S.K.: 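Structure below; questions to follow.
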Amino acid sequence: MILAAAPASPADAWLERAPVLLRDALTGWLPDALRPWVAALLSIATILGVFGLLFAYMTLAERKILGRIQNRPGPNRTGPFGLLQPFADAIKALTKEDIVPRAADQVLHFLAPVVLVALSLIGLAVIPFGRNLVAVEMEASVLYFFAAGAATELAIFMAGWASRNKYSLLAAMRALAQLISYEVPLLLSVVPVIVVAGSLSTTDIVAAQGGWAAGLWPHWHALTPWGFSAFAVFMVAALAESNRSPFDLPEAESELIAGHLTEYSGFKYALFFMAEYLGMAALSAMAVTLFLGGWQAPLAVLEFIPSYAWFGVKLLLLLLGFIWIRATFPRLRIDQLTRLSWKFLVPLALVNLINGGVWAATADWTGAAAVVRWFISALGVVVPFIFLARSLSAGYGPRTYRYASP
Amino acid sequence: MMLPDPASTGLARVRKIEGSALGLRTPAFAPEEGAGDLLEVSLGPHHPSTHGVFRMDVVLDGERIVRLKPVFGYLHRNHEKLGEGTSYLGSMPYTDRLDYLNSMTNNWAYAIAVEKLAGIAVTERAEYIRVILAELSRLLNHTCLAGFLMQDCGCSGTPLMYAFREREKILDLFESLSGSRMMCNFQRFGGCRVDPSAEWLAATRKLVDGYGAFLDEFEALLSGNEIVMARTQGVGRLPAALAVNAGVTGPMLRASGVGHDLRKVDGYGVYPRFNFRVPIGREGDVYDRYMVRMLEMRESISILDQALRGLPGGPILDPKSKQRGLRPKAGEAYGRIEGPKGEIGFFLVSDGTGNPTRYRVRAPSFVNLTILEDLCLGHSVADAVIILGSIDIVLGEVDR
Amino acid sequence: MTLLLAVLALVCLVPAVAAVLVRNLIHSALLFVLAWLGLAVFYLAVGAEFIAFAHALVYVGGVSMVVLFAVLLTRPGRVDPLPPPSTQRAIGGVAAVALVASMLGSSIFWTRLPSMEPIPMVSLRRLGELLAGPYLVALLLVGLILTVALIGGLLLAAPRRPSEGGDA
Amino acid sequence: MSPLHVCLALSAALFCTGLVAVLVRGNAILVLLGVELMLNAANLNFIAFWRFGPGGGEVGLVFVLFSIAVAAAEAAVGMALVIAVHRHLRTIRVAAANRLKG
Amino acid sequence: MLGKGLLQGLAVTAKNLVGSYHDPARYVTQEYPEVQPKLPEAYRNFPFLVSETADDPMGTLRCVACQICEKECPPQCIYIEKSKDKKPDANGKLQIYPAVFAIDTAVCMSCQICVEVCPFDAIKMDQEFAIAATDRFDGLLLNREQLAKPNAYYHQIHPTEASEVDARLAAERRAAEEKARLAAAAKAAAPKAAAPTAAAAPGVPAASASPGSIPPPGPPPSSS
């Protein structure tokens with residue numbers, strides 16, 4: 001039995017190659033000319049299927065975890081433990097009447113959600129889910145991912161503009177201001193990873209994070225000082241890009257403006273909802289690829305678990321983090337939000353750029369020099385953090401209170 | 001405490017716009033002409049935060065609020081005219097419906113007013129029970145406020161659920177004692193209606209002992225949170241002079257640095273027997289109002305602890321006291337207590353018959369609400385929502 | 001190969017032409033963005049992968065936002081509908097363009113173009129070395145231009161504080 | 001009709017559309033967009049000659065990168081100018097802005 | 001340090017998330033239809049009329065239509081019409097009974113003032129909260145038949161209070177009988193002292209009168 005024989009290297013363990021074997025089995029009987037096309041279709045189908053299901057069960061997981069944090073069960077009436085809730089929501093969204101305001105610009109009004117969902121899905125093409133499970137192998141795949149991400153702003157503008165409603169236009173402008181001001185730290189925090197990994201292709205970046213120091217400490221970027229700071233900046237920017245918790249300004253109910261989604265209902269509204277979750281999943285997947293070593297196993301001994309399982313675990317952990325943060329933090333005001341980006345995240349990312357460069361330059365230091373290298377890098381993170389933190393939280397702080405003399 | 005003259009306070013600079021039908025008052029700074037078109041928006045009456053039916057007509061210059069006109073009255077139920085037509089005992093259940101979060105303190109204030117009017121003495125045990133129930137009601141009110149305030153700040157329900165979890169425990173106590181969670185109708189003229197049983201006192205003791213731990217966890221979640229501090233510090237600053245002149249009372253006044261607490265000033269009931277402190281703030285912004293209420297809760301816990309230990313035996317209501325056909329002699333009386341939201345007072349004028357000829361309620365949230373515009377000018381709408389949340393209004397009391 | 005390029009060329013050209021002709025400003029701006037997207041796909045088809053994504057990122061991500069914001073900020077509530085381009089200017093414009101088009105067209109079709117070399121696949125690393133090598137100074141200069149342009153743009157577009165007493 | 005011809009034809013066509021936009025349209029923003037289009041046409045030429053022309057065209061790629069950057073900067077400044085003009089003249093019709101006075 | 005408060009907040013929510021799985025204090029939801037709420041004994045909802053025995057609710061209502069509760073009810077939601085004839089009550093004394101006793105539960109705010117002011121313990125607060133009616137006016141206007149519930153039911157919902165009330169009523173009844181017997185004995189003793197000769201005559205009517213004029217006392221009060 002193949003399983004019994006210890007596999008020569010983790011790469012060719014049976015479970016590891018299962019998806020590739022499956023694909024070859026399915027496309028084997030086709031003429032050679034058609035084979036790449038069908039393979040591409042297959043990978044598209046799997047990505048859509050997996051991430052569609054992930055979206056469905058992420059909505060349920062969010063409501064269950066939020067409930068549990070708030071000492072209540074969360075949905076448990078539809079199906080056992082509420083497992084059929086996503087499908088119930090889908091049916092509700094489908095059956096809801098789809099009202100389109102008469103004054104709205106029909107074409108754009110319809111196009112906006114479609115474009116938004118398409119763009120969130122396109123980005124998933126370049127993410128390596130497993131050892132050789134990447135849909136499209138490209139040299140500049142990271143740049144491709146962020147080009148697709150940058151276009152989502154356009155779709156939000158279309159949504160805001162097409163509803164022909166003064167408030168949704170103002171809300172769209174605020175949402176765009178938020179997205180644009182967080183696009184910059186998002187991109188800047190990725191640059192040091194590219195500098196250290198030496199390539200723009202996601203598979204090379206994941207390969208660069210392989211191997212473990214003494215079998216215990218993986219070479220993931222997030223576990224190096226500069227990498228941790230870049231990872232933190234990336235996650236905060238990802239939170240803002242996908243309009244999640246501390247930055248979910250556009251559809252904040254306490255805001256005067258009800259957000260650029262006011263004129264949408266029924267399935268189109270569900271599409272926006274889906275786009276938000278898919279955007280969140282795509283950004284988390286990219287974070288896993290860039291910082292958490294993609295499909296690399298955390299410990300050498302754990303290598304036998306297939307690579308795509310590791311990718312799934314890390315992705316789910318990150319998504320859990322998104323939900324956890326949403327349950328805990330209040331919302332930031334629009335001016336604080338942009339100030340946080342321009343006065344804290346961007347400078348931090350710029351300094352981190354230099355830090356990453358130094359790290360790449362001193363790649364060949366070993367032994368005692370490696371410790372010095374770590375120390376320099378750690379210093380490069382902590383010192384600017386303290387200065388920027390002090391300037392950001394000037395005027396805020398816990399207070400002491402006195403009591404009235406009777 | 002010498003009251004500063006009105007000219008130097010905020011009120012003087014507010015003057016009525018000539019010929020303005022709405023009676024709008026020009027704000028501290030008039031919007032610069034040509035500063036882009038002003039956006040007239042009305043927020044409510046279905047108000048996003050759970051304060052009830054209340055509307056704010058806001059004039060926006062871009063992000064900043066330039067003029068804000070609170071509009072309420074949606075919940076007006078003619079409470080005071082009804083009071084004139086109902087007997088003294090009959091009005092007691094109506095006082096539950098004023099500030100429907102704290103029916104115990106409303107009842108107590110009304111009972112004090114009638115006792116002052118009719119000269120009825122209150123038994124020792126009843127005084128202690130009234131203090132215990134008032135402090136429980138203060139805990140309940142401040143916990144709810146913190147929950148609603150964080151909900152306005154944008155937390156997706158977590159602090160509110162924790163606050164409601166604790167509130168349910170207190171409401172269960174009220175229900176097992178008075179029969180109803182929120183509409184207790186519990187105080188009578190000269191004492192209380194029901195004598196709390198031993199199990200009830202044990203349950204209260206357990207709640208009081210556990211409340212400190214809840215407050216620590218709640219503050220760990222919120223008070224140190226940088227986003228909460230960023231959203232609330234420096235927002236809606238209320239200067240002490242304006243607070244005093246506008247008649248603001250309760251935690252809002254104390255947060256602005258004025259240490260005025262009726263429990264110390266009037267010393268009504270048996271409060272002088274307990275030693276407790278009155279926390280006061282310095283900035284008078286939303287964060288101070290939140291923190292002052294948190295510290296007040298810790299003081300309430302110590303009061304409850306002392307009151308439960310010192311609860312004497314004896315009757316809760318002297319049997320000869322007349323409740324039903326009470327006909328106090330002609331005269332007038334004003335009874336007031338330090339309710340969780342501020343000074344809640346009842347002014348009664350009696351002409352010797354069974355019904356008061358004048359029944360006036362001094363509702364703290366109504367008075368505290370009058371300076372909403374002065375607090376919100378120059379802030380954004382998101383801040384206005386939080387400032388309103390920090391004032392802690394309940395529309396039942398505001399509209400009566 | 002040429003057929004694919006021809007189709008993609010059309011995909012890129014049609015929105016561009018439509019953008020010039022359509023009356024509604026927002027529609028024409030969005031059509032321009034569509035044209036840029038078509039161009040990015042064209043670059044991909046031709047094999048310049050990095051350029052395609054850079055182009056897409058810069059134009060569809062950045063410039064389109066600038067354009068749309070500008071369009072929105074300068075629409076004084078549709079007070080003055082765009083006057084139809086005066087016919088006289090239209091005729092002049094079209095004539096000039098026809099002249100230029102004929103010149104370009106004839107030059108393209110008559111020149112004898114060198115035969116195709118083997119398809120040069122440039123690796124990103126080679127491009128990087130070029131940028132960091134001989135063109136390092138140019139790279140820094142472009143960086144400088146961008147910052148100067150950004151700051152200039154900000155100062156121009158920022159609304160005058162009344163306190164600064166800007167001109168009327 | 002070799003692929004190079006197709007590219008050059010497309011580039012020429014784009015250039016002409018840009019020119020039409022600049023000459024015919026009255027709105028300042030569309031004029032700027034026309035200029036953008038002309039710049040893109042130029043980029044397309046560089047790529048075409050790198051891909052189908054005689055070897056040694058990488059320099060063209062580098063030049064395209066710089067031209068994209070400069071075009072973006074130009075667009076930003078252009079739009080800022082348009083907004084500044086709009087604030088004064090309340091309109092951005094090219095014909096209106098014909099006085100040099102401040 | 002900037003993030004300290006945020007991390008503390010996350011720690012609290014994590015504690016609650018984990019706590020909700022093992023600590024009952026952090027999982028407070030009672031899923032209503034399946035888990036019925038355990039109501040405290042003092043819980044009160046709309047009032048009901050107490051009748052002595054279950055089998056003849058109309059006959060043995062304690063209410064004597066004194067209309068005190070009608071006057072005292074703050075929202076004035078009780079409507080009583082006195083009966084023309086009289087009916088013996090539990091002590092055998094002839095009392096008026098309410099021909100019509102209606103409470104408009106749409107208006108009633110269950111403030112239990114009526115229970116407090118009723119001198120005959122005839123009206124008590126019910127504990128039934130899941131009430132539904134198809135019609136807002138007549139559906140919620142409960143008449144005498146719908147309001148009357150036996151004393152046994154009262155014992156079931158308010159055990160301690162019911163037993164106190166019964167003890168008090170029994171004591172009053174004993175005192176009333178004691179007084180009646182004393183009055184009867186005094187009446188019997190007085191004629192003997194005045195005219196020993198007439199003792200025989202009045203003795204007989206007294207003896208016969210007593211059973212005649214006082215109808216046999218009603219069924220003994222139900223054993224409490």
Side-chain angles (χ1 to χ4, degrees), chain C residues 1-2 5-6 9 12-13 16-17 20 25 28-29 32 36 39 43 46-48 51 54-55 58 62-63 66-67 70-71 73-74 76 80 82-83 85 89-90 93-94 96-97 100-101 104-105 108 113-114 116-117 120 122 126-127 130-131 135 138 142 145-146 149-150 152-153 156-157 167, chain D residues 1-10 12-17 19-21 23-27 29-30 33-34 36-37 40 44 47-48 50-55 57-59 61-62 64-66 68-70 72-77 79-84 86-87 90-93 102:
Chain C
M1 181 55 179
T2 29
L5 285 188
C12 175
L13 198 58
V17 169
V20 173
L25 208 54
S28 70
F32 264 112
W36 286 328
L39 201 58
Y43 287 157
V46 158
I51 305 289
H55 175 89
V58 167
V63 172
V66 168
V67 166
V71 164
L73 287 176
T74 54
D80 60 348
L82 291 178
R89 181 198 292 146
V94 169
V97 166
V100 167
L104 284 178
I108 291 172
L113 296 169
M116 263 198 336
E117 292 302 320
V122 70
R126 175 83 186 91
L127 200 59
L130 262 178
L131 270 177
Y135 295 97
V142 164
I145 291 173
L146 273 172
L150 206 57
L156 272 173
D167 44 54
Chain D
M1 275 295 281
S2 72
L4 186 54
H5 282 282
V6 171
C7 290
L8 293 183
L10 173 62
L14 280 179
F15 186 84
C16 295
T17 337
L19 200 57
V20 163
L23 295 179
V24 167
R25 286 308 286 255
N27 189 324
I29 293 179
L30 280 184
L33 283 180
E36 286 295 317
L37 214 54
N40 285 341
L44 187 59
I47 302 286
W50 158 71
R51 178 67 175 72
F52 301 110
E58 289 101 2
V59 180
L61 287 184
V62 168
V64 163
L65 278 180
F66 290 157
I68 287 179
V70 167
E74 179 267 337
V77 171
M79 289 308 154
L81 273 175
V82 161
I83 291 171
H86 173 73
R87 195 179 313 114
R90 275 283 162 268
T91 162
I92 44 171
R93 278 207 323 285

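Given the structure is predicted, the values throughout are model-derived calculations rather than measurements. Below, chains carry the letters A, B, ... as their sequence lines are ordered, and counting in each starts from 1.
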S.K.: Counting heavy-atom pairs under 4.5 Å with chain C, which one of D:L65, D:V70, D:L10 comes out on top?
M.R.: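 Result: the option with the highest number of such pairs is D:L10.
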S.K.: Name all residues meeting the side-chain contact (heavy atoms from CB on, under 4.5 Å) criterion together with D:V20; count only those two or more places apart in sequence or in a different chain, and write none if there are none.
M.R.: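 Here the qualifying residues are C:V20, C:V97, D:V24.
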S.K.: Minimum heavy-atom separation for C:A29 to D:L33, with atom names?
M.R.: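 Result for this residue pair: CA-CD1, 4.4 Å.
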S.K.: At a 4.5 Å cut-off on heavy atoms, which part of C:Y135 comes close to chain D: side chain, backbone, both, or neither?
M.R.: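 Contact with chain D is through both the backbone and side chain of C:Y135.
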S.K.: Applying side chain to side chain contact (heavy atoms under 4.5 Å, CB included) between C:L39 and each of D:L37, D:L44, D:I47, report the one that passes.
M.R.: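 For C:L39, the side chain to side chain contact (heavy atoms under 4.5 Å, CB included) test succeeds with only one of D:L37, D:L44, D:I47, which is D:L44.
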S.K.: With only heavy atoms counted, which part of C:V71 is less than 4.5 Å from chain D, the side chain, the backbone, both or neither?
M.R.: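 For C:V71, the contact with chain D is made by backbone and side chain together.
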S.K.: Go through the atoms of C:V58 and report whether side chain, backbone, both or neither lie under 4.5 Å from a heavy atom of chain D.
M.R.: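 The side chain, not the backbone.
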S.K.: Taking only residues two or more places apart in sequence, or in another chain, which ones meet D:A13 in a side-chain contact (heavy atoms from CB on, under 4.5 Å)?
M.R.: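 C:L13.
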S.K.: Based on non-hydrogen pairs under 4.5 Å, which of C:L150, C:L127, C:V67, C:V63 is most in contact with chain D?
M.R.: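 Heavy-atom pair counts peak at C:V67.
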S.K.: What heavy-atom pair brings D:A76 and C:V66 nearest, and what distance separates the two atoms?
M.R.: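 Between these two residues, the closest heavy atoms are CA-CG1, 4.2 Å.
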S.K.: Among C:A138, C:G62, C:A101, single out the residue with the greatest number of heavy-atom pairs under 4.5 Å to chain D.
M.R.: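 Sorted descending by pairs with chain D, the first entry is C:A138.
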S.K.: Roughly how far, to the nearest 0.5 Å, is the CZ atom of C:F32 from the CD atom of D:E36?
M.R.: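 Nearest 0.5 Å value for the CD-CZ distance: 9.5 Å.
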